[in-house]
Amino acid sequence: MFVSVFASKRRNLLVRGLHFGKKFTPPGAEDIILKAICVNISQKKWKFLDQLSSSLTTSLLPRIFRELRTSPLLLLEFYQRVGGVEAVSCSLESCCILICIMVERKNFDVALCLMKELMISRGYLPLEMLEALISSSDSGFPSSAVFDALVRACTQIGAAVDAYEVIMKLRMGGIQVSIHAWNNFLSHLLKIGDVGRFWAMYREMILYGYYENLHTFNLLIYALCKDCKLPEALSVFYRMIKVGFCPNIVGYNMLVDGACMADDLDLAHKVVEKIETMSRGYVSANVVTFNCLINGYCKKGNPEMAGDILDKMIEMGMKPNIRTYATVIDGYSRNGCLEEGFKLCSRMVENNIVPNLAIYNSFIHWLCIEGDISGASLLLSNMMENHIFPDQFTHSIIIKGLCRNGLVNEALKVHNWIIDKNLVEDAFSNNILINYLCRSNNVSGAKQLLCRMFVQGLVPDVVTYGTMIDGYCKASKMESAIEVYTDMIKGDEPNLVIFNSILDGFCKEGSTDLSSSLIEKMKRLNMFDTITFNTLLSSYCRIGRFKEAFDLFMNMRRAGLLVNRVTYNIMINFLCKLGLFEQATQLLSLMFCQGLTPDSVTYTTLLTNLRNKSSCEEVVKMHDFLLLQGVIPDRQTYEAIVRPVDIDTSPEFMEWVNDCV
DNA sequence: ATAGGGTTAG
């Protein structure tokens, strides 16, 4: 009793002193206050501190932080308690001192959180942060790890450009960030799919005199795999061994994944089998290795094999994780075996693994694809009952599901609801809606969505712009398309898809000069593909420029990789329109020689044209032939040729007719 | 650090 009275008296005295000190601090007084505060913090007397929070001045705070640098956890608790105080939130300097201490004490996660908070919630620019960190470093906390952490914080909030600026600014000041920071930056570029910039930055890094470490090599392999450059990836793999690195499981896994992405499952298998021997027993396959392989088989349309690998894993005593199950489940569902997917999911639940958002999203997606909207919404409510809440993926899946089933208005309603709830984070849902609105000839509706994105502060991405541009091009509103394009290039680089859309627009409106100069520009930028030339080819065919069409076709064939099935479809259609059926059929054989197979468009083209000119017998012969080649006729095919019903009434034929309708 | 689910071109 006596003690507590005494203590409270002392406390009052001190509080009064602090309030006084705020207005008029005699020399040395701040030192006394500092000591007093620090003692109270060390004893975790938080209530006391709450009372004098208004006395925490901007000059006092850094001193408190430095005083307590040996007890980072205590310091952090103090910061969290006074974080809302104006003097704290307004003083970037004190926060930076705290960050430096956290890095020094190897509390990297805390330092990262603090940095991200300052940049996101309080709006500090990365370069401002850098300045503040440097000036707080002057007073005794210099550490390059702080700068590494800043680069990492930038990449984690998606500010790749800022990360680079930080690295460059430091370079100008004679400070080299570590190879780890570069690796982090490079890895982020790959994650956001900017392989081009990845290589440019890698070259720059080497130019500055850095040497690759194990992680850098892994990233190089990954980048090459992403570009389906498997032989090059393998050669980097050998190069890293040659310079003395022992590849770890991550490197092997990237090769396995890369081989799968390049559709070379045999190689993927071989790598998995050889990990042990290649590493002389130091490295063995892990769950990720098998997950990559399983994913490869699922994407190749062989979920049964994926299921077998899953069983084999269990046999080997390796525990499949939720990603293993999620991948196989999605594999079954995407290959038309939703039931198998559900079965496997219950098996997973029996093994005490609870379905997560990715699994729900996958099921909802494939149910939507099957047209089972009510099944999808049932699953969605089941998911939410289980306290798993929709994310951006779910939103996109549902909105696209509704659109593709003809319920664009429903999709718009859902989208508005999501906006009302403030749940929109990325451009995906908008992109889907814009695309569907454009497709249903409602470009003005699409434009409204784009404008609303700006109002909401949601940044449209290249796909948003690309979709909008394509919409305008298809609606023959080239001026609007160019307007959007001009807006876009203020922030984003145009990509090949966008150039192709614009080219198609120019071709369709007959602007020969504009399309030629665009083609020249695309060639200069080395940005063109089969679609580019198919667009041009079909335009030549449409306006009857025979010579140009044939020349282009010949040149494309000479270039080898530049022809595909669509190229042949365009040419076959062209020849048919000219009445040259003989040649059209020859082109069909040529198509086979190139390993290309006809599709329903080839079918429709040939049969509708043949029907008018040739005998019934010939038409039926062509029909049988194309079906034997594996062509699956679609509704359009059926509608195009069903009128002369007499072409075939065999049971098989009627069966597919019925299947189509 | 590597593995699963959503957007764009003819």
Side-chain angles (χ1 to χ4, degrees), chain A residues 180 183-184 186-188 190-191 213-219 221-222 225 248-258 260-261 286-296 298-299 306 320-331 333-334 356-366 368 390-401 403 426-436 438 461-471 473-474 495-505 507-508 529-539 564-567 569-570 601:
Chain A
H180 308 295
N183 283 341
N184 174 267
L186 291 172
S187 156
H188 179 254
L190 284 185
K191 213 168 262 164
N213 68 7
L214 186 72
H215 187 182
T216 325
F217 275 116
N218 281 345
L219 290 171
I221 293 170
Y222 191 43
C225 287
N248 60 5
I249 188 61
V250 177
Y252 284 102
N253 286 347
M254 282 167 165
L255 275 185
V256 175
D257 196 41
C260 290
M261 282 193 279
N286 62 9
V287 187
V288 179
T289 323
F290 285 101
N291 288 354
C292 292
L293 202 56
I294 282 174
N295 186 36
C298 288
K299 296 291 147 64
N321 61 16
I322 192 152
R323 285 206 182 192
T324 323
Y325 284 106
T327 312
V328 184
I329 288 172
D330 181 73
S333 310
R334 80 167 55 233
N356 64 5
L357 188 55
I359 294 177
Y360 274 108
N361 280 343
S362 165
F363 276 134
I364 294 173
H365 178 230
W366 294 110
C368 286
D391 68 349
Q392 301 297 319
F393 279 78
T394 327
H395 296 153
S396 302
I397 290 167
I398 291 169
I399 287 171
K400 171 129 197 206
C403 286
D426 64 19
F428 269 62
S429 305
N430 277 296
N431 294 349
I432 297 165
L433 282 168
I434 289 175
N435 177 34
Y436 272 91
C438 288
D461 61 12
V462 206
V463 177
T464 322
Y465 287 117
T467 314
M468 208 58 230
I469 290 171
D470 192 59
C473 291
K474 290 235 167 65
N495 62 20
L496 178 56
V497 175
I498 290 172
F499 280 134
N500 280 343
S501 290
I502 298 176
L503 178 66
D504 191 47
C507 286
K508 292 239 166 80
D529 64 356
T530 310
I531 293 168
T532 315
F533 294 109
N534 283 348
T535 306
L536 196 60
L537 186 68
S538 101
S539 150
N564 63 13
R565 179 192 284 159
V566 178
T567 322
N569 285 345
I570 294 169
V601 177

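Since the model is a prediction, treat every value here as computed from it, not as a measurement. Proteins come first, then strands; the chains are lettered A, B, ... in the order of their sequence lines, and each starts at number 1.
Not a single side chain to side chain donor-acceptor pair (under 3.5 Å) links A:N495 to another residue, sequence neighbours left out. A:F363 meets the ring pair (Phe, Tyr, Trp, His ring centres under 6.0 Å) test with A:F342; sequence neighbours excluded. In terms of the ring pair (Phe, Tyr, Trp, His ring centres under 6.0 Å) criterion, residue partners of A:F217 (sequence neighbours excluded) are, by chain and number, A:F245. Scored by the side-chain contact (heavy atoms from CB on, under 4.5 Å) test, A:T532 finds A:L496, A:N500, A:L503, A:I519, A:M522, A:F528, A:D529 as partners (sequence neighbours excluded). A:D257 is linked by a side chain to side chain donor-acceptor pair (under 3.5 Å) to nothing, counting only residues two or more places apart in sequence or in another chain. Under the side chain to side chain donor-acceptor pair (under 3.5 Å) criterion, A:T567 pairs with A:N534, A:N564, not counting sequence neighbours. Checked against side chain to side chain donor-acceptor pair (under 3.5 Å), A:N184 has the following partners two or more places apart in sequence or in another chain: A:T155.
At the heavy-atom level, A:N184 lies nowhere under 4.0 Å from the strands shown. At a threshold of 4.0 angstrom between heavy atoms, the contacts of A:N183 with the nucleic acid are absent. Note on A:R334: only backbone sugar-phosphate atoms sit closer than 4.0 angstrom, heavy atoms only; bases stay farther off. At the heavy-atom level, A:T327 lies under 4.0 Å from the strands shown only through sugar-phosphate atoms. Note on A:N569: nothing from the nucleic acid sits closer than 4.0 angstrom, heavy atoms only. Here A:L357 lies in heavy-atom contact (under 4.0 Å) with a base. Heavy atoms of A:N286 sit nowhere under 4.0 angstrom from any nucleic acid atom. As judged by a 4.0 angstrom heavy-atom cut-off over every strand, A:Y222 is placed among residues touching the sugar-phosphate backbone only. Contacts of A:K474 with the nucleic acid, taken as non-hydrogen atoms under 4.0 Å apart, involve only primed sugar atoms and P, OP1 or OP2. At the heavy-atom level, A:H365 lies under 4.0 Å from the strands shown only through sugar-phosphate atoms. Among the protein residues, A:D330 comes within range of the sugar-phosphate backbone only, with heavy atoms under 4.0 Å from sugar or phosphate atoms but none that close to a base. As judged by a 4.0 angstrom heavy-atom cut-off over every strand, A:N435 is placed among residues touching the sugar-phosphate backbone only.
Along DNA chain B, read 5' to 3', the first and last nucleotides having any atom under 4.0 Å from a heavy atom of chain A are B:dA1 to B:dG10.
Interface residues of residues 530-538 of chain A facing DNA chain B, ordered by number: A:I531, A:N534, A:T535; criterion, heavy-atom separation under 4.0 Å.
Judged by distance alone, with hydrogens and angles left aside, the side-chain atoms of A:N361 form no donor-acceptor pair with the main-chain N or O of A:I364 at under 3.5 Å. Judged by distance alone, with hydrogens and angles left aside, the side-chain atoms of A:T327 form a donor-acceptor pair with the main-chain N or O of A:R323 at under 3.5 Å.
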